[in-house]
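Treat the numbers as computed from the prediction; the structure is a model and nothing was measured. The sequence lines fix the lettering, A, B, ..., with proteins before strands; numbering per chain opens at 1.
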Amino acid sequence: MTRLELAPTGIYSFEETSRRLTQFEKSAYQERDGRLVRTLCIGAKPIAVELWWTGNALAVEIGEDLSPIEMEELTKILRRMFSLDVDLTPFYHRIDGDPDLGQLVRERRGLHVVLDASPYECLIKTIVSQQLNLSFAGTLIRRLIEISGERLSHRGEELLVFPTPAQIAKLSYEDLQQLQFNRRKAEYVIDLSRNVVDGSLDLGKLESLSDDEIVKKMLPLRGVGRWTIECLLLFGMGRPDLFPAADIGLRNALRKVYGTVEQPSEEEVRRLGEAWSPWRSYAVFYLWDYLSTTKKSS
DNA sequence: GGCCAGGCTAGCA
DNA sequence: TGCTAGCATGGC
């Protein structure tokens, strides 16, 4: 057995941060005895990790012994995924005086973005989610993992591991259509995975590129539009200054914040966003959270 | 029952 | 180059 404690940099609320995981990431995170349980891959080796908060650090427990190199890798993965090194102090200073966003940001103090385990996982989940309500999107993602992902036994329970590109590449379009994917979406997900497998798409190379370079590189891929790339940059790579101005959820959130009847246009949203640079990703993230935690009205 | 979902592509003008 | 129907189904 291995145990770690990872302290955050700056203000961090695990309560706020994990709330979203149990609400929107049910296919990846499960709650067991006050801990979050999920699978992760260290290199190619899948392991089950249990996570909880000690009061000032993220505690991690793994049911097996890891080598020092694996420990180092796991630490790196978790610090990145849970944004433990993202100090939000400058963001809070920037937003505190904002008459419209100030309050909703204060109410979520310490809420951090939790990244997907890899850019590939993020891309697949984002493509599946396009144009669907989040609840149904979650159902489709779970079904995809169930038919193609590996199983891992943990405390007498079976946990699912997010499939590798090779595992999804092996599926047929009809396999996914049977899960209620539409034909095109089935093609996007499988074709993209096949591109990763045959080496024509190297997602590992994205890390060294700028946001704009990544947009240029990814846009020609079928099924990948601007919104999808913005989500990849935000939730797959943790880039801090993304603003998906066309996003319907963001526009709904802003309509609610400003109490307007009509949704703001993409252009208006973009202009509003400029005030929150270079922290636009967190402004969007808090607005999305605001939208999903307040009742729908008008 | 109808319209909208944290979009995107292909086909048409 | 710009516009829009169609997608597959759940949720409200």
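- Of all heavy-atom pairs spanning A/Arg80 and A/Met237, the tightest one is NH2-CA, 4.0 Å.
- If you take OH on A/Tyr282 and CG on A/Leu234, they are separated by 8.5 Å, rounding to the nearest 0.5 Å.
- Interatomic distance, A/Ile77 CD1 to A/Leu115 CG, rounded to the nearest 0.5 Å: 12.0 Å.
- Contacts of residues 267-288 of chain A with DNA chain C (heavy atom under 4.0 Å): none.
- One atom, CG of A/Leu140, and another, P of B/dG7, lie 14 Å apart when rounded to the nearest Å.
- Separation of the A/Tyr286 and A/Trp279 ring centroids does not fall under the 6.0 Å cut-off.
- B/dC8 atom C1' lies 10 Å from atom CZ of A/Arg222, rounded to whole Å.
- Between A/Leu179 and A/Glu146 there is no side-chain heavy-atom pair separated by less than 4.5 Å.
- The CG atom of A/Leu134 sits 9.5 Å away from the CH2 atom of A/Trp288 when rounded to the nearest 0.5 Å.
- Summary of the strand contacts: A/Leu219 and A/Gln263 both lie near DNA chain B, and taking for each the nucleotide with the nearest heavy atom, the more 5' one is attributed to A/Gln263.
- Side-chain contact between A/Glu70 and A/Thr2 is absent, with no heavy atoms from C-beta onward closer than 4.5 Å.
- Contact annotation for A/Arg183: backbone-only contact, meaning every heavy-atom pair under 4.0 Å involves sugar-phosphate atoms and none involves a base.
- At distances below 3.5 Å, at least one donor-acceptor pair connects side-chain atoms of A/Ser13 with backbone N or O atoms of A/Glu16.
- Between A/Thr228 and A/Gln130, some side-chain heavy-atom pair lies under the 4.5 Å cut-off.
- In this entry the distance linking CZ of A/Arg143 with C1' of C/dG10 reads 10 Å, nearest Å.
- For DNA chain C, none of the residues of residues 100-114 of chain A falls under the heavy-atom distance limit of 4.0 Å.
- If you take atom C1' in C/dA8 and the same atom in B/dG2, they sit 16 Å apart, rounded to whole Å.
- Atom CG of A/Leu250 is separated from atom P of B/dA5 by 13 Å (rounded to the nearest Å).
- Rounded to an integer number of Å, the gap from A/Asp116 CG to B/dG6 P is 17 Å.
- Side chain of A/His112 to backbone of A/Val86: a donor-acceptor contact under 3.5 angstrom is found.
- For A/Thr164 (side chain) and A/Gln167 (main-chain N/O), a donor-acceptor pair under 3.5 Å exists by modelled atom type.
- With C1' as the reference atom, C/dC3 and B/dG6 are 23 Å apart, rounded to whole Å.
- Looking at A/Ser277, its side chain never comes within 3.5 Å of a backbone N or O of A/Gly273 through a donor-acceptor pair.
- The stretch residues 168-182 of chain A touches DNA chain C through A/Gln180, A/Phe181, A/Asn182, each having a heavy atom within less than 4.0 Å of the strand.
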Derivation and outcome, salt bridge (Lys or Arg N to Asp or Glu O under 4.0 Å), residues A/Glu274 and A/Arg270: CA-CA 7 Å; A/Glu274 284 168 14; A/Arg270 212 173 284 288; over 6 Å; no
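- Between the CD1 atom in A/Ile47 and the CD1 atom in A/Ile62 there is a gap of 5.0 Å [rounded to 0.5 Å].
- Of the residues in residues 121-136 of chain A, those with a non-hydrogen atom less than 4.0 angstrom from any atom of DNA chain B are A/Gln130, A/Gln131, A/Leu132, A/Asn133, A/Leu134.
- Summarising the geometry, the separation between CZ on A/Phe24 and C1' on C/dG11 is reported as 14 Å, rounded to the nearest angstrom.
- Of the residues in residues 186-194 of chain A, those placing a heavy atom less than 4.0 Å from an atom of DNA chain B are A/Tyr188, in numerical order.
- Ionic pairing of A/Glu213 and A/Lys205 is not present here: no N-O contact between side-chain nitrogen and carboxylate oxygen is shorter than 4.0 angstrom.
- Between A/Glu187 and A/Arg183 there is a salt bridge, with a side-chain nitrogen of the basic residue lying less than 4.0 Å from a carboxylate oxygen of the acidic one.
- If you check every strand for non-hydrogen atoms under 4.0 Å, A/Thr139 touches nothing.
- The side chain of A/Asn252 has B/dA5 as its nearest neighbour among C/dA8, B/dG7, B/dA5.
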So what's the dot-bracket for DNA chain C: Watson-Crick or G-U pairs under 3.5 Å, [ ] if a pair crosses, | if it pairs off-strand? |||||||.||||
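- Using a distance-only test at 3.5 Å, with no hydrogens or angles considered, no donor-acceptor pair links the side chain of A/Asp33 to the main chain of A/Arg35.
- Residues A/Leu203 and A/Leu123 form a side-chain contact, since some pair of their non-hydrogen atoms from C-beta on lies under 4.5 Å apart.
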Step-by-step salt bridge (Lys or Arg N to Asp or Glu O under 4.0 Å) determination, A/Lys45 to A/Glu73: CA-CA 12 Å; A/Lys45 172 174 153 188; A/Glu73 177 69 13; over 6 Å; no
